[in-house]
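Below is one structure, written out as structure tokens; comments come after it.
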Amino acid sequence: MTDLSALTVRTAGDLLDARSLSSQELVEATLARIEETEPLLHAYVRVMADSARAAARRADEERANGVRRSPLHGIPVAVKDVLWTHDAPTEAGSRVLAGFLAPEDATAVRRLREAGAVLVGKHVTHEFACGQDVPATRSAWNSEHYPGGSSAGAGVSVAVGSSLAAIGTDAGGSVRKPASINGVAGLKATYGRISRHGVIPPTGTLDHVAIVARTVEDCALLLHELAGPDPADPTALDEPVPDYVAALEGDLAGTRVGVPGYFFGGELEAEVRTVVESALGELEQLGAELVQLELPSFELTLPVGFTILLAEGGASHLGWLREQPQDYGPDTRRLLELGALLPAGLVEAARRARSLMRSEVREAFRSAGLDALATPTLPRLSIPIDEMVIPVDLPRYIAYTMPFNLTGLPAITVPCGVSSAGLPVGLQLAGAPLAEATVLRIAHAYEQATSWHLRRPTVAGAA
Amino acid sequence: MESRFSEEEVARLAALAGLPVPDEDLQPLAEALSAHADFVEPLLRAELPPGDPMLRFDPRWRD
């Protein structure tokens with residue numbers, strides 16, 4: 001049986017190309033891994049075994065006939081259950097959408113399939129990606145711990161190898177948070193870089209389709225297939241898609257990396273600070289020049305971010321809230337009702353503050369000649385779910401990720417160390433608009449100089 | 001802490017919004033609105049420069 005624990009999209013693809021492995025074998029191993037790990041980790045709401053096996057057969061037949069669609073050809077992936085799939089319900093963790101079968105795939109799902117990827121299932125999400133519940137999913141590193149969310153299933157599944165890569169959504173950190181907590185890479189590209197057609201709920205100005213994978217290179221491989229304009233999504237940017245994989249190579253000599261004080265304030269746990277500062281030292285060793293700077297407007301991140309998130313969420317849910325309020329979880333419903341009732345003047349103030357944040361970070365990049373910013377991904381480690389006070393703890397986790405949703409800048413998290421208890425810590429790198437290639441290059445250089453991305457969790461009861 | 005909003009005010013707001021808020025949500029919503037008002041105090045105190053709020057979101061930096 002193939003050991004998935006060491007495979008990445010790249011290494012699996014190389015084995016497939018060399019015919020050392022078939023897609024059918026790889027998918028069977030993935031399905032077996034799902035069966036081993038799901039009783040403890042609950043990353044999936046739906047496993048699509050039959051269609052995955054059929055897709056794997058087609059992938060092998062195509063390869064035998066000389067057809068290789070992309071580096072993702074025959075690779076098992078999964079998607080968060082807020083992305084439409086034409087052949088499996090999309091329920092977004094809510095009874096509101098029980099049994100909903102979309103008329104077509106989300107554009108991101110379609111592009112993965114057209115690239116030859118094999119969809120093995122749908123991952124767990126908080127209700128409508130904003131629910132105040134914590135689903136049954138558990139951290140890959142400590143099964144009593146919060147796994148991060150709302151793309152909880154994606155982070156956990158990639159960490160334990162029950163998918164080789166995944167796509168989720170990120171409106172405030174919902175991919176980067178679980179990626180960081182589970183010790184894998186998570187990429188939120190520039191707003192509009194990846195089409196959001198077919199993402200539930202109709203999303204506003206904060207949400208992004210985002211990628212979870214084991215390595216930066218794998219993130220680049222997926223981004224290359226996902227990025228690009230989409231007539232079905234007017235917010236998808238009509239910008240050329242560079243070769244993100246080719247752009248990975250290159251050292252960091254002369255690279256200027258800003259380190260904003262906002263991300264190293266009192267909220268930052270001491271252990272996380274120690275690990276991330278060590279990672280910054282590694283960046284310097286690799287040739288990067290660190291530039292200390294301040295972004296005062298970022299102190300408004302949480303009031304601005306939550307006001308806009310709530311207002312846009314409440315507005316997009318008005319129809320369902322009117323028609324079937326009883327089908328929401330009560331806390332989720334109240335959160336969305338709150339959003340629908342926020343005073344317009346408050347939302348306007350938040351939007352003006354957002355403009356300020358955007359212009360401030362742009363000025364910082366330009367005046368300091370920056371290539372990227374480096375920050376901790378999260379201000380704290382994961383904690384036991386039993387100890388969480390949801391309304392207090394969930395917001396705390398997004399203080400460092402939300403700024404890059406508000407500004408629309410590309411941001412990636414990569415593992416950069418562990419706590420004394422062995423819990424992963426993430427380093428976040430953010431860039432200028434559409435500078436994914438730069439962000440990926442810096443992240444790749446850091447990753448390849450360290451070994452944190454090679455750590456794999458041991459799942460109790462699984463091989 | 002005393003809520004800044006009463007259940008009656010929330011019910012009126014909800015009616016204006018055309019939102020059928022269940023009775024059991026009125027008190028929690030009143031508290032949540034109050035809590036959010038407290039939470040966003042820094043935003044309301046901030047000196048924001050004059051200029052348009054961001055109504056369309058294009059992340060690209062254009063001069």
Side-chain angles (χ1 to χ4, degrees), chain A residues 190-193 204-206 235 237 239 296-297 299-300 302-304 306-308 310 314 318 321-323 325-326 330-331 333-343 345-359 361-362 365-366 391 395 406-410 432-434, chain B:
Chain A
T190 304
Y191 180 82
R193 180 75 285 191
T205 63
L206 292 171
T235 68
L237 298 174
E239 294 277 355
S297 67
E299 299 292 336
L300 297 174
L302 290 182
V304 172
F306 272 102
T307 297
I308 293 173
L310 288 171
L318 265 181
L321 286 172
R322 286 171 178 151
E323 290 161 18
Q326 70 284 354
D331 289 338
R333 184 181 66 238
R334 288 166 193 158
L335 190 72
L336 294 167
E337 287 168 346
L338 171 64
L341 299 181
L342 286 179
L346 174 59
V347 181
E348 169 117 342
R351 287 176 175 150
R352 289 177 61 215
R354 186 179 186 183
S355 293
L356 176 62
M357 291 176 68
R358 181 171 178 244
S359 60
V361 71
R362 168 176 157 165
F365 267 77
R366 289 189 171 175
L406 288 167
T407 53
L409 303 183
L434 295 169
Chain B
M1 182 182 294
E2 195 176 325
S3 173
R4 298 191 200 191
F5 296 88
S6 68
E7 290 186 37
E8 291 72 28
E9 285 169 327
V10 172
R12 273 201 297 275
L13 278 173
L16 279 172
L19 198 57
V21 171
D23 286 346
E24 68 263 29
D25 285 2
L26 290 174
Q27 183 55 37
L29 259 181
E31 290 170 3
L33 273 167
S34 295
H36 193 78
D38 292 338
F39 182 63
V40 299
E41 273 286 340
L43 169 61
L44 298 175
R45 281 199 311 267
E47 282 187 29
L48 301 175
D52 292 334
M54 189 180 283
L55 296 175
R56 278 187 71 246
F57 189 50
D58 185 331
R60 290 169 289 192
W61 297 336
R62 298 203 193 280
D63 289 313

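These numbers come from the heavy atoms of this one structure, side chains and all, not from hydrogens, waters or symmetry mates. In what follows, chains carry the letters A, B, and so on, assigned in the order in which the sequence lines appear, proteins first and then strands, with residues in each chain numbered from 1. These numbers come from a predicted model, not from an experiment.
Rounded to the nearest 0.5 Å, atoms CD (Glu24(B)) and CG (Leu29(B)) are 10.5 Å apart. For the atom pair OG1 of Thr407(A) and CZ of Arg362(A), the computed distance is 13.0 Å after rounding to the nearest 0.5 Å. Of the inter-residue distances, the one linking Arg354(A) atom CZ with Leu43(B) atom CG reads 13.0 Å to the nearest 0.5 angstrom.
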Practice task
Could you walk me through whether Arg193(A) and Glu239(A) pass side-chain contact (heavy atoms from CB on, under 4.5 Å), step by step?
Solution key: CA-CA 8 Å; Arg193(A) 180 75 285 191; Glu239(A) 294 277 355; 3.9 Å; yes
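Top candidate by heavy-atom pairs under 4.5 Å with chain B, chosen from Val304(A), Leu335(A), Leu237(A), Leu434(A), is Leu237(A). In terms of heavy-atom pairs under 4.5 angstrom with chain A, the leader among Ala37(B), Pro22(B), Ala35(B) is Pro22(B). Of the residues considered (Asp25(B), Leu48(B), Leu33(B)), Asp25(B) shows the highest number of contacts with chain A, using heavy-atom pairs under 4.5 Å. Counting heavy-atom pairs closer than 4.5 Å to chain B, the top-ranked of the candidates Leu342(A), Thr235(A), Thr190(A), Ile308(A) is Leu342(A). Of the listed residues Glu299(A), Gln326(A), Arg334(A), the one with more heavy-atom pairs under 4.5 angstrom with chain B than any other is Arg334(A).
Between Asp38(B) and Arg4(B) the shortest side-chain heavy-atom distance falls below 4.5 Å. Taking the side chain as every heavy atom from C-beta outward, Trp61(B) and Leu409(A) approach each other to under 4.5 Å.
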Quick one: side chains of residues 12-21 of chain B, donor-acceptor pairs under 3.5 Å with protein atoms, not counting sequence neighbours, listed by atom name and distance.
none

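Only the side chain of Leu310(A) has a heavy atom closer than 4.5 Å to any heavy atom of chain B. Only the side chain of Phe365(A) comes within less than 4.5 Å of a heavy atom of chain B; its backbone N, CA, C and O stay farther away. Proximity to chain A (any heavy atom under 4.5 Å) is restricted, for Leu44(B), to the side chain, taken from C-beta onward. Heavy atoms closer than 4.5 Å to chain B are found in both the backbone and the side chain of Leu338(A). In this structure, chain A has heavy atoms under 4.5 Å from both the backbone and the side chain of Pro42(B). Residue Leu341(A) touches chain B through both its backbone and its side chain, counting heavy-atom pairs closer than 4.5 Å. Proximity to chain B (any heavy atom under 4.5 Å) is shown, for Thr307(A), by both the backbone and the side chain.
Just one residue in the list Leu318(A), Leu321(A), Asp331(A) forms a side chain to side chain contact (heavy atoms under 4.5 Å, CB included) with Leu336(A), and that residue is Leu321(A).
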